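Everything on this sheet refers to the single structure shown next.
As the structure is a prediction and not an experimental result, all values here were calculated from the model. Any value given below was found using the heavy atoms of this structure, including those in side chains, with hydrogens, waters and symmetry copies removed.
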Amino acid sequence: MPLEEALPIAKQIAEGLEYAHERGIVHRDLKPANIKINLGGVVKIFDFGLAKALEGETAASDPSTSPTLSHLATQAGVILGTAAYMAPEQAKGKAVDRRADIRAFGCVLYEMLTGERAFGGGDTSETLAAVIRDAPDWNSLPPTVAPRIRDLLERCLAKDAKQRLQAMGDARIAIEEADGGGTARRGELVERIGEPAGKTVTIRYDAIIIGTGQAGPPLAGRLTASGMKVAIIERKLFGGTCVNTGCIPTKTMVASAYVARLAQRAAEYGVAIGGGVGVDMKQVKARKDAISGKSRAGVESWLKGMANCTVYEGHARLESAGEVSVGAARLHAERIFINVGGRAWVPPLPGLDQVSYLTNSSMMEIDFLPPHLLIIGGGYVGLEFGQMFRRFGSHVTIVEKGPRLVPHEDEDVSAAIAGILEGEGIELRLNAECIHFSRHGEEAVAGLSCEDGMQEARGSHVLLAMGRRPNTDDLGLEKAGVRTDERGYVIVDDQLRTNVPGIWALGDCNGRGAFTHTSYNDFEIVAANILDRDSRRVSDRILAFGLYIDPPLGRAGMTAAEALRSGRKAMVGMRPMTRVSRAVEKGESQGLMKIVVDADSKEILGAAILGPGGDEAIHSILDVMYAKSPYTVLQRAMHIHPTVSELIPTILGELKPLEAAAD
């Protein structure tokens, strides 16, 4: 390629790299000894370019229309910046503006990715040498290191495409393993690149965390703050289930559905809306993606900017009780924390292979309105998606194997939830004792009885919401001797230690809680025991959670049925939301409030608040439960009017024996 044709392409690449500089992916302050690289950002985009090259994609013929070039440009920064890091004494006292070097390197990069000659002749290795000539002070490096660096750089320009890609992969591994939380540590980089080619290097840390869900990142923060050197590994998306396919995206969609429902009811409030109410599912998804994406980027940025923390992106596997492999990297630590989360359970239902189905994760990709959503499972996931998509405009049928929805709740709470959903036009099919599938034309058909042709439900799309399973089946637990139960959950003690000393399991994978808040509490328990000498335990916490239909359910502690089964002498207070003025004023008077108290100790055993703000109001009860104070403390409190919470003291003043209330 003639130089006059290559230069515009180089300019485009250089501009892309400058764009990266401005956004903090690569930092330069023009002091010759101080080229700083945010390695996390570089590695991420390096991966992007490598993937494109593996797919056979090259720079576009028209650089101005290629969205790839600005991404690929940062690969120039990877090698150039790495070389600069090897020479902190280079060009003492003289400011260096490397923009010309970057543009020249852009030509070399273009050749590396396309296989075309950027300069129409000559030795590209000489061009590369010219670009980095003043960067590394080769004489200051150990004699075994300089040839390795030269070899690594020159192999990136090999004529054979496979050799080029292998060299790029080697460079990426070297850079990733040298990442010290966003800034390369010169000594580690020298040590890694200086190793003979092909030799597996074990990198030692004080702690290794597998997974970046709710427990992992804050634990990394506490451990690094205490002076530990930490490696944290993420296989796919930073932030885990909550950030990507759970709490944050689904509650964002619940909010959109709430607005849709409110608009549909506008006339009840005296508000006139011209025309019908429509829902733009593409915009609903775009809003959800933006909020979830911002949270995910925040977790990633936090970890990659954390001092003493190295981020590895890849699938982690235990090789022994103290070693973890991530791709070609081998890590060692005396403390390993497993925080791998869970995923939707797909049971082996007859005929399931004949229909397409969705899970909570794949539902996040929907940007259209299913004509008829058939949901299998009457638990929290199924109910939230069911009400949500009914409000968006889908017909919805929820199939539940048991005799009632959310069977772990008291019967009156389950009945109230069913009434809310049916009131919005959701069809409930209960007692589906024998679920099986078939396809009739464009419809998926779910048989609900073991007798052919007796009962069935049809829909355009199927959502499986029948439970969760832990992500422990491809983790190498058997190599480390870590025990799991029959469902795959890691068995832990009351302080979240596994049966193998030095290995802990936190979050959904340990079967001790299935919520974001229990995962975060797992982090607090582990950190307290390791760092604070505070013997916190899982058994210290009180069960608490929310069901985010509208109105939401806030729950804490025991149900009334559980209190009866425990043999305790108990009292209960109840109030329908129709007798809560705040709920009536808002036009949201469905639901009820219910509190169970131990008659002897006077401590609150549990509560359920199904109504507006129930997920918030429950905390005033939960806090008194943690304080182990008698219910009379809350009964005598003066609450603000008009609120839902103001009726809690009233309910506590109207307690009745639980047996009589049950009758």
task: Quick one: sort the Phe523 and Tyr520 rings into parallel, tilted or perpendicular, breaks at 30° and 60°.
output: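 Answer is perpendicular, since the angle exceeds 60°.
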
task: Specify whether Phe337 and Trp504 have parallel, tilted or perpendicular ring planes, treating 30° as the upper limit for parallel and 60° as the lower limit for perpendicular.
output: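 Answer is parallel, since the angle falls under 30°.
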
Between [X] and [Y] (side chain of the first, backbone of the second, donor and acceptor by atom type, cut-off under 3.5 Å), is there such a pair?
| X | Y | result |
| --- | --- | --- |
| Arg222 | Ser226 | no |
| Asn308 | Ala225 | no |
| His639 | Ser645 | yes |
| Asn244 | Gly240 | yes |
| Arg541 | Thr518 | yes |
| Asp598 | Glu603 | no |

Distance-only polar pair, side chains of [X] and [Y], donor-acceptor under 3.5 Å:
| X | Y | value |
| --- | --- | --- |
| Glu427 | Thr397 | yes |
| Ser566 | Arg568 | yes |
| Asp522 | Asn510 | yes |
| Ser414 | Arg404 | yes |
| Ser535 | Gln495 | yes |
| Arg497 | Asn529 | no |
| Asn499 | Arg483 | no |

- request: Start with the C-alpha distance between Asp412 and Lys594, add both sets of side-chain angles, then the distance that settles salt bridge (charged side-chain N to carboxylate O under 4.0 Å, His left out), and finish with yes or no.
  value: CA-CA 10 Å; Asp412 52 357; Lys594 185 175 184 179; 3.0 Å; yes

On a heavy-atom basis, which atom in [X] and which in [Y] lie closest, and how many Å separate them?
| X | Y | result |
| --- | --- | --- |
| Pro403 | Leu430 | O-CD1, 3.3 Å |
| Arg512 | Asp494 | NH2-OD1, 3.6 Å |
| Val299 | Pro217 | CG1-CG, 3.9 Å |
| Ala556 | Leu622 | CB-CD1, 4.0 Å |
| Gly377 | Ile398 | O-CG2, 3.7 Å |
| Leu358 | Ser362 | CA-OG, 3.3 Å |

So [Y] and [X], do their side chains get closer than 4.5 Å, heavy atoms only?
| X | Y | result |
| --- | --- | --- |
| Asp615 | Leu553 | no |
| Arg429 | Glu400 | no |
| Ser256 | Arg287 | yes |

Please indicate whether [X] has more than 12 foreign heavy atoms, meaning atoms of other residues, nucleotides or ligands, lying under 6.0 Å from its [atom1].
| X | atom1 | answer |
| --- | --- | --- |
| Ile640 | CD1 | no |
| Tyr357 | OH | no |
| His395 | NE2 | no |

message: Does Tyr626 form a ring-ring contact (aromatic ring centres under 6.0 Å, His included) with His619? I'd like the steps, not just the answer.
response: CA-CA 10 Å; Tyr626 271 111; His619 288 92; over 10 Å; no

query: Does a salt bridge link Lys251 with Glu384, judged by any charged N lying under 4.0 Å from a carboxylate O?
result: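 Looking at Lys251 and Glu384, the cut-off is met.
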
Asp550 bridged to Arg391 by N-O distance under 4.0 Å: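 Result for this pair is yes, salt bridge flagged.
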
field: Working for ring-ring contact (aromatic ring centres under 6.0 Å, His included), residues Tyr380 and Tyr548
entry: CA-CA 8 Å; Tyr380 307 104; Tyr548 288 92; 9.9 Å; no

Step-by-step side-chain hydrogen bond (donor to acceptor under 3.5 Å, both in side chains) determination, Gln214 to Ser519: CA-CA 6 Å; Gln214 289 303 299; Ser519 295; over 6 Å; no

task: Determine, stepwise, if the pair Glu659 / Lys569 fulfils salt bridge (charged side-chain N to carboxylate O under 4.0 Å, His left out).
output: CA-CA 9 Å; Glu659 295 83 356; Lys569 183 180 178 182; over 6 Å; no

message: Please enumerate all residues that pass salt bridge (charged side-chain N to carboxylate O under 4.0 Å, His left out) together with Glu524, with sequence neighbours excluded.
response: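 Glu524 satisfies salt bridge (charged side-chain N to carboxylate O under 4.0 Å, His left out) with Arg536 only.
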
